[in-house]
Amino acid sequence: MNADEKQNRLSARLPRGLDDRGPAEIAATRVMLDKIRVVYERYGFEPVETPAIEYTEALGKFLPDQDRPNAGVFSFQDDDEQWLSLRYDLTAPLARHVAANFDALPKPYRSYRHGYVFRNEKPGPGRFRQFMQCDADTVGSASPAADAEICMMAADTMEALGIPRGAYVVKVNSRKILDGVLESIGLGGYENAGRRLTVLRAIDKLDRLGVEGVRHLLGPGRKDESGDFTKGAGLETWQAGVILGIFRDGGDKGFDLIATSIALPDGKAVREASELYRAGSDELDEIRSLLLASDYGPDRIRIDGTVVRGLEYYTGPVFEVELTFPVQGDDGRPVRFGSVAGGGRYDGLVGRFRGEAVPATGFSIGVSRLMAALTHLGKVDARAPPGPVVVIVFERERIADYQSMVTALRNAGMRAELYLGAGKFGAQMKYADKRNAPCVVIQGSDERAKGEVTIKDLIVGAELAKLEKGRDEHLKNQAQAQRAVPQTQLVSAVAEVLARHGIAWT
RNA sequence: GCAGCUGUAGCUCAGUUGGUUAGAGCGCCUGACUGUGGAUCAGGAGGUCGGUGGUUCAAGUCCACCCAGCUGUACCA
């Protein structure tokens, strides 16, 4: 290689926030999605998928926050100059799908899907620019029963994934509660939309910054440790006091409703002052009684006033699933995973495509993030799955014979392959080891003369290899991990090894 | 975006107050030990020291700018 080639050589790098996935991770994801699917289908949801690319306008032009129309989204122009974007969640595309097929679909319409979504944001631990979500949505029902059901399903799913009751909690709140409180302190109306957003974002940080940190954000602003200053919402002290009053006990009230007794300066309670608040409160009341009727208590699902959810299209109840056990990172420090799933009611989303309002509620599991958490919990099998049986090519000119052994194994439903490389025996053993092969099939001249094949159990062999020191002892021990059988018994002998290690290929 | 920290081999890192040809461990490749993964032994590949410019007789080392990564913060529809 000359200097010029070196100059021009590509670096095999990946854009940040993106990751390749290996066999172990793929297998674990498949297992996880399968468990989720079983629960979703038990609740009557049917699979529907949409493409990863949509017209940009279909994804998000409904936002009141218009100052950054394209930030955070991967977008590009089609040859007719229409703007396209990679989906950033599965909800907006579903809304488009339902609107497009509205007349044909049964309503209410229950569906689920999983797929990659893309966000062009700064990545961090547990935050990627491509990650998988698994959603379920009910479109066409305004009933709180639809919301309650989503919550129950969220709880069931967590337990199906092996997270014990008490190690997770489904938190429920309503946008109407928060909006109602804001309305009651004079932040209602279109002209205050920006400030309401700032307030909601501040509340969302309650668990991280604490009450005092949020109080600063509601007022003039807050300076963090690095000296960076965050501009606040600029509320009066009494306004911030009313808002923070909701969260007096960290927001977690079990199944009790929030802020019923908070007093405004004129002596009225928030409940009396805001119709929105009453609507949200009634909604949560109904959800609660539905949950209790099915025995879903506060050990699984709770009402929590701190749940905000960033998505601006939520219009009513919002949900969030949080893991309650501490997780240690590789460096031993505790890791915050944030919420592993969330959702809510989005009554305005489908209606954008149609003249009429279409109520909808749904729920999304962050599969990638949840898997990272489950891995830390030891609920994910992080081992690479077993590789194929490797048939060693001993006498090069007899490759057809070896190929026929491979075929015999495959015909018996086993995963098997012929060694296709150029390596000698030792190299082929190393290859089989790296492939995680449970066993190899060997037929050299000795075996051929007797009409036999040698089956070597690599898993047993690996155990034996830990013991010895010298070369001679090593070979002697390795011989115990293998056994010669008549070639006619090739398939049954391999099957025996597989059975010994509980490997079932179907 | 803002702030702080960090960039030397595939990975983890040494590299003195600037001073010959930039090192180690692990990993990788080849070979030996009669046809066996491990161990051991012998050999090998792999780096314009993140980039550009500057100071200097001399820069991995000092200075400026840029780029990238990490952490925090903001944003996250």
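Proteins come first, then strands; the chains are lettered A, B, ... in the order of their sequence lines, and each starts at number 1.
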**Request:** Tell me yes or no: between the side chains of A:Gln487 and A:Gln443, is some donor less than 3.5 Å from an acceptor?
**Result:** yes
**Check ion pair A:Glu447-A:Lys450 (N to O, under 4.0 angstrom)** = no
**Asked** Per the atom types in the model, does the base of B:G37 pair as donor or acceptor with the side chain of A:Arg435 at under 3.5 Å?
**Response** no
**Request:** Identify whether any heavy atom of A:Ala462 sits under 4.0 Å from a base atom; if not, whether one sits that close to sugar-phosphate; answer base, sugar-phosphate or nothing.
**Result:** base
**Prompt:** Can you check whether A:Glu473 reaches A:Lys476 side chain to side chain, under 4.5 Å on heavy atoms?
**Reply:** no
**Asked** On a whole-Å scale, what distance lies between the C1' atoms belonging to B:A74 and B:C28?
**Response** 43 Å
**Prompt:** Counting any heavy atom closer than 4.0 Å, what does A:Ser445 reach on the DNA or RNA strands: base, sugar-phosphate only, or nothing?
**Reply:** base
**Message:** What's A:Asp446 touching, base or sugar-phosphate or nothing? Going by heavy atoms closer than 4.0 Å.
**Reply:** base
**Prompt:** Which dot-bracket notation, 5' to 3', represents the base pairing of RNA chain B when pairs are defined as Watson-Crick or G-U with both distances under 3.5 Å, crossing pairs as [ ], and inter-strand pairs as |?
**Reply:** (((((((..((((.....[...)))).(((((.......))))).....(((((..]....))))))))))))....
**Integer angstrom distance from the C1' of B:A59 to that of B:G53** = 13 Å
**Asked** Mind checking the C1' distance from B:U17 to B:A9? Whole angstroms is fine.
**Response** 28 Å
**Request:** Among the candidates B:A74, B:U36, B:G37, find the nucleotide nearest to the side-chain atoms of A:Ile442.
**Result:** B:U36
**Prompt:** Under the criteria of a ring-centre distance below 5.5 Å and an interplanar angle below 30°, is A:Tyr88 stacked with the base of B:A77?
**Reply:** yes
**Prompt:** Which part of the nucleic acid, if any, lies within contact of A:Gln480, taking any heavy atom under 4.0 Å across all strands shown: a base, the sugar-phosphate backbone alone, or nothing?
**Reply:** nothing
**Asked** Does the side chain of A:Lys424 get closer than 4.0 angstrom to OP1 or OP2 of B:G31 through an N or O atom?
**Response** yes
**Below 4.0 Å: OP1/OP2 of B:G69 and any side-chain N or O of A:Lys122** = no
**Residue closer to the 5' end of RNA chain B, A:Ala427 versus A:Lys430 (nearest nucleotide)** = A:Ala427
**Message:** At less than 3.5 Å, do the side-chain atoms of A:Gln482 and the base atoms of B:G35 form a donor-acceptor pair?
**Reply:** no
**Prompt:** Just wondering, do A:Leu94 and A:Asp135 contact through their side chains at under 4.5 Å, heavy atoms?
**Reply:** no
**Sugar-phosphate, base or nothing in reach of A:Asp204, heavy atoms under 4.0 Å** = nothing
**Item:** Lys/Arg-Asp/Glu bridge criterion (N-O < 4.0 Å) met for A:Lys171, A:Glu322
**Value:** yes
**Message:** With rounding to the closest Å, how many angstrom separate the C1' atoms on B:G38 and B:A68?
**Reply:** 40 Å
**Message:** With rounding to the closest Å, how many angstrom separate the C1' atoms on B:A77 and B:A14?
**Reply:** 48 Å
**Request:** Determine the contact category for A:Lys476: base if any of its heavy atoms lies under 4.0 Å from a base atom, sugar-phosphate if only primed atoms, P, OP1 or OP2 are that close, otherwise nothing.
**Result:** nothing
**Interatomic distance at C1', B:G46 relative to B:U71, whole Å** = 32 Å
**Asked** Hey, does the side-chain of A:Gln428 have a donor or acceptor N/O within less than 3.5 Å of a partner on the base of B:U36?
**Response** no
**Spacing of A:Leu217 atom CG relative to B:C75 atom P, expressed in whole Å** = 8 Å
**Prompt:** Are there more than 12 heavy atoms of other residues, nucleotides or ligands under 6.0 Å from atom CG of A:Asp472?
**Reply:** no
**Prompt:** Distance between the P atoms of B:A58 and B:U20, in whole angstroms?
**Reply:** 15 Å
**Request:** Check every strand shown and say whether A:Tyr431 touches a base, only sugar-phosphate, or nothing at a heavy-atom separation below 4.0 Å.
**Result:** nothing
**Request:** Evaluate the side-chain proximity of A:Asn120 to A:Val73: yes if any heavy-atom separation is below 4.5 Å, no if none is.
**Result:** no
**Prompt:** Under 5.5 Å between ring centres and under 30° between planes: true for A:His474 and the base of B:A39?
**Reply:** no
**Asked** How about A:Cys134 and A:Leu33: do any of their side-chain heavy atoms sit closer than 4.5 Å?
**Response** yes
**Asked** Are A:Arg119 and A:Phe131 in a cation-pi contact, defined as NZ or CZ under 6.0 Å from the six-membered ring centre and within 45° of the axis?
**Response** no
**Message:** Give me the distance, rounded to whole Å, that separates B:C49 from B:G4 when you measure between the C1' atoms they each carry.
**Reply:** 24 Å
